[in-house]
Number of protein chains: 2
Amino acid sequence: MRRTGSASRPSARAGNTRQALVDAAVDVLRHEGFAAATARTVAGRAGCNQGLVFYYFGSVVDLLLAALDEVSEQRRRRYEEALAGVGGLGDLVDLAARIFAEDLESGDAALLVEMIAGATSTPGLGVAVKARLVPWAQFAAAALEPISSRSALAGLAGAGEIAHATVALYLGLELLSHLDGDTAPALALFERARRLAPLADMAGLWTGKDQTSPTTTEEK
Amino acid sequence: MRRTGSASRPSARAGNTRQALVDAAVDVLRHEGFAAATARTVAGRAGCNQGLVFYYFGSVVDLLLAALDEVSEQRRRRYEEALAGVGGLGDLVDLAARIFAEDLESGDAALLVEMIAGATSTPGLGVAVKARLVPWAQFAAAALEPISSRSALAGLAGAGEIAHATVALYLGLELLSHLDGDTAPALALFERARRLAPLADMAGLWTGKDQTSPTTTEEK
DNA sequence: GTCTATACTTGGATAGAC
DNA sequence: GTCTATCCAAGTATAGAC
């Protein structure tokens, strides 16, 4: 097998140190948190020298933002893919439950929360993180659109409001779950929602693509 | 005016350095975040020497926990006082909106979130914070009790589940608000809830102290 | 109780050899 | 591109003077 030029141990990186650093940063943020995500720790996990963090990213914060970008992009793709198959409130709750469980398990949700909370003590990080949060809010708004703008609830609450609340709930549940590693309460909540979804579905909370009022029996 | 014994500047502390340190820690956690809450920063704000943190609290973390205790106790008292006057869903939403706006404004919610998120990178802090979170969850459960156990929703979801979700939403909204200092979305959400409350009230979501079901007038 | 001084550690960032 | 070496700043914690 081919070795990289220098004599350093090949470790976890196959010729792409920059990517190895991003991956390592993701890993550290996920499991050790923002405060532990130092240049030395991350570089150590990537199997390379600490100075390379600055060579590639200029600063630690920029590396962490790159890590956030990485998972955000992955998640966004997966979410939108999954959303395509949703045809009712039951489906949507199933999807939300699955997504949340995955993000909780993988630590992706934790990473996001750490970056948000860490932004408080790093000037300028707040706006950068917020910009990267926009896609998540948009995804939530899109997913909830059949409820917020075409259902029986339409007009009672704005789509943006519902999306904001949903993202907040997602983050808050992660925060609590991560506190003691107990994901049971959050998962139970989604399980409950899953069981309640059919009821709400029948009550007219979800409407199909082109159905605006229950008066016409055109095509379903 | 009386001066304290030594020649140091009287600053913000009137003879009680320990309390001044706690207050300063509260202040720093509120506005600068967990990562900025170092012995030097806090002691500086308290107007005393950095070494006194260790003299009084043994470690920085223990000082921060004392700060968390301080605000938790204050909040708990205020909440329970306010809860006494609640007589319907409308009242409850008003109370929640007011409490949340206050906690957002004062930074108390931010302090809690910072401690939770910071716990990730400090071994042992997680359980300590969780223990201090129990009263908040209990308060939420008590406040929501008329909805979760005696209303039309009773049986659909457990009281613990609803309380957990409520606390999570509270924390998540703070997280988002603090990100860019924009509290508008969160406040708009509560404003919306406030307007919707009367509707839900009429729909039977709230029941009085001794009303258990519309069929029997016996006591439960 | 409070301060000064200091030991020790860790982290961000740069310079320069290879 | 990667490493070693190093500088400097900041943090925790302790010792000891007052």
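Below, chain A is the first sequence line, B the second, and so on; all start at residue 1. All values reported here derive from a predicted model rather than from experimental measurement.
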Q: Measure across A:Ala140 and A:Val167 and return the closest heavy-atom pair with its distance rounded to 0.1 Å.
A: CB-CG2, 4.0 Å
Q.
Checking A:Arg78 now: which residues fulfil side-chain hydrogen bond (donor to acceptor under 3.5 Å, both in side chains) with it, not counting sequence neighbours?
A. A:Glu102
Please tabulate, for the side chains in residues 25-38 of chain A, all donor-acceptor contacts under 3.5 angstrom to protein atoms that are two or more places apart in sequence or on a different chain.
from	atom 1	to	atom 2	distance (Å)
A:Asp27	OD1	A:His31	ND1	3.4
A:Asp27	OD2	A:Arg45	NH1	2.7
A:Arg30	NE	A:Ser106	O	3.4
A:Arg30	NH1	A:Asp108	OD1	2.3
A:His31	ND1	A:Asp27	O	3.2
A:Glu32	OE1	A:Arg45	NH2	3.4
A:Thr38	OG1	A:Thr41	N	3.1
A:Thr38	OG1	A:Thr41	OG1	2.9

(Q) Heavy atoms only, 4.0 Å cut-off, all strands: where does B:Tyr56 land among base, sugar-phosphate and nothing? (A) sugar-phosphate
**Q.** Nearest-Å distance for atom pair CZ/C1', residues A:Phe34 and C:dG12
**A.** 13 Å
Q) Could you state the CZ-P distance from B:Arg18 to C:dT2, rounded to the nearest angstrom? A) 12 Å
Q: Using a cut-off of strictly less than 4.0 Å between a heavy atom of the residue and any atom of DNA chain C, enumerate the qualifying residues of residues 111-125 of chain A by number.
A: none
Q | Residues in side-chain hydrogen bond (donor to acceptor under 3.5 Å, both in side chains) contact with B:Asp91, at least two apart in sequence or another chain | A | none
Q: Looking only at side-chain atoms of B:Thr41, point me to the closest of D:dT2, D:dG11, C:dT2.
A: D:dG11
Q | Value in whole Å for how far the C1' atom of C:dG12 lies from CG of A:Asp62 | A | 13 Å
Q: Sort and list the pairs that fulfil ring-ring contact (aromatic ring centres under 6.0 Å, His included) and have at least one residue in residues 96-135 of chain B, not counting sequence neighbours.
A: B:Phe100-B:Tyr170, B:Phe100-B:Phe190
Q | Qualifying residues under side-chain hydrogen bond (donor to acceptor under 3.5 Å, both in side chains), relative to A:Thr166, sequence neighbours excluded | A | none
Q: State which residues pass side-chain hydrogen bond (donor to acceptor under 3.5 Å, both in side chains) with A:Glu80; sequence neighbours excluded, sorted by chain then number.
A: A:Arg76
Q: Answer yes or no: does a side-chain N or O of B:Thr38 lie under 4.0 Å from OP1 or OP2 of D:dA10?
A: no
**Q.** Atom-to-atom span, CG of B:Leu21 to C1' of C:dG1 - whole angstrom
**A.** 12 Å
**Q.** A:Glu32 CD - C:dT10 P separation (whole Å)
**A.** 15 Å
Q: Would you list the pairs meeting side-chain hydrogen bond (donor to acceptor under 3.5 Å, both in side chains) in which at least one residue belongs to residues 50-60 of chain B, sequence neighbours left out?
A: B:Ser59-B:Asp62
Q: Might you point out which heavy atoms bring B:Ala119 and B:Leu125 nearest each other, and give the distance in Å?
A: CA-CD2, 3.7 Å
Q: Find the distance A:Gln19:CD to D:dG1:P and express it as a whole number of Å.
A: 15 Å
(Q) Each nucleotide in nucleotides 13-18 of chain D should get exactly one letter: B, S or -. Can you fill that in based on protein heavy atoms under 4.0 Å? (A) BB----
